[in-house]
Amino acid sequence: MAKVIVVTSGKGGVGKTTSAAAISTGLAQRGHRTVVIDFDVGLRNLDLVMGVERRVVFDFVNVINDGIRLNQALIKDKRVDNLFILPTSQTRDKDALTREGVERVMEELRAEFDYIICDSPAGIEKGAQMALYFADEAIVVTNPEISSVRDSDRILGLLHSRSRRAELGLDPIRAHLLLTRYDLDRVQRGDMLKLEDVVDILAIPVLGVIPNDPMVLHCSNLGLPVILERKSRAGEAYRDAVARLLGEQVEMRFVKPERRGLLDWLVRRSA
Amino acid sequence: MRLLEFFRLLRGSRSAETAKQRLQVLVALDRSGAAGPDFLPLLQKELVEVIRKYVEVEERQVKVELERGADFSVLEINVELPTSRLLKRAAV
């Protein structure tokens, strides 16, 4: 039975697309047939982060409105088996997505895939609502920063009122917190909201904490989902998050200070 | 500079604590639906109409303010009544 998971946040720039790319890649690596859909019509970026921008011919909007077959628009990832990308249009706007059209595509994808990951646009308007409408689960990407936490709370409200599950009176969407750009040093100095603070306010279970890691930018420059970079702490944290998504018990890393040697401490101080 | 940073490290600015407290108030208001006092402009307009039945006042002489708090909010309405007009009314 296919599962539809929306990656959403309300606020822009918190790491939705990075997370959608990493998590879908991770699910595929674990052997699940996965498709990741870009819902940000007009601001196409998922293909860039996934490194497939030069292979886009047809897109999600073409499938909905222009009679293009889904198989023509799906891009198969060359690095990871079982992974497909459905890019969006760069030229149309959010009105190009109709609920009936999206539903038709979702039904077709449900028949072929184990996981359908919907990369939501920022905001709480039509595009974001379309991305979350068909979801069974939600990954709420949040930065430890007040405006991001507040917007995440708004999105949680929408998940529980404007989704298909809410309208049909089915079990509510299961929402998970993915806390990104977590800077443990600043948390310890008392300058940044800590995981527990954010959990207190949003009151949803934690899927993962992604440490602030320069490798995230490095990988996005290269068009490489960060989870594929072995040396990246963020990549490791995403791998843990994927395991938790699959129901495994994994201890939370990057939330407590690591034991560091004196030399390491000196190097960090002078950096 | 290093030394200064070191002392700041010891002291800690603890701005995260303030952030959390502000968020708790904000989120509680957002959830209650009382965050957007959409009725305030209409309230102000109707107040002016009511007050005008008794005293001549301009729109700008009625000030409606809302101070949001954790447990309750305070709606403050200040009406500036020109003394001369009050006197005029008394004389009628």
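The chains referred to below are lettered A, B, ... by the order of the sequence lines, with proteins before strands, and numbering in each begins at 1.
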Spacing of A:Arg189 atom CZ and B:Ser15 atom OG [to the nearest 0.5 Å]: 10.0 Å
SB check A:Asp153 B:Arg31 (cutoff 4.0 Å): yes
How close do B:Ala16 and A:Leu193 get, heavy atom to heavy atom, and via which atoms? O-CD2, 3.6 Å
Spacing of CZ belonging to A:Arg150 relative to CG belonging to B:Asp30, to within rounding of 0.5 Å: 4.0 Å
Could you check whether atom CZ of B:Arg22 has more than 12 heavy atoms from other residues, nucleotides or ligands sitting under 6.0 Å from it? no
For atom CZ of A:Arg244, decide whether the heavy atoms of other residues, nucleotides or ligands shown that lie under 6.0 angstrom number more than 12. yes
In terms of heavy-atom pairs under 4.5 Å, which option from A:Val198, A:Val149, A:Leu156, A:Val187 contacts chain B the most? A:Val149
One should read off an interatomic distance between B:Leu23 CG and A:Ile146 CD1, to the nearest 0.5 angstrom, of 5.5 Å
CD/B:Glu49: more than 12 non-hydrogen atoms of other groups inside 6.0 Å: yes
Can you tell me if CZ on A:Arg44 sees more than 12 non-hydrogen neighbours from other groups inside 6.0 Å? yes
B:Lys20 NZ to A:Lys194 NZ distance, which is reported to the nearest 0.5 Å: 6.0 Å
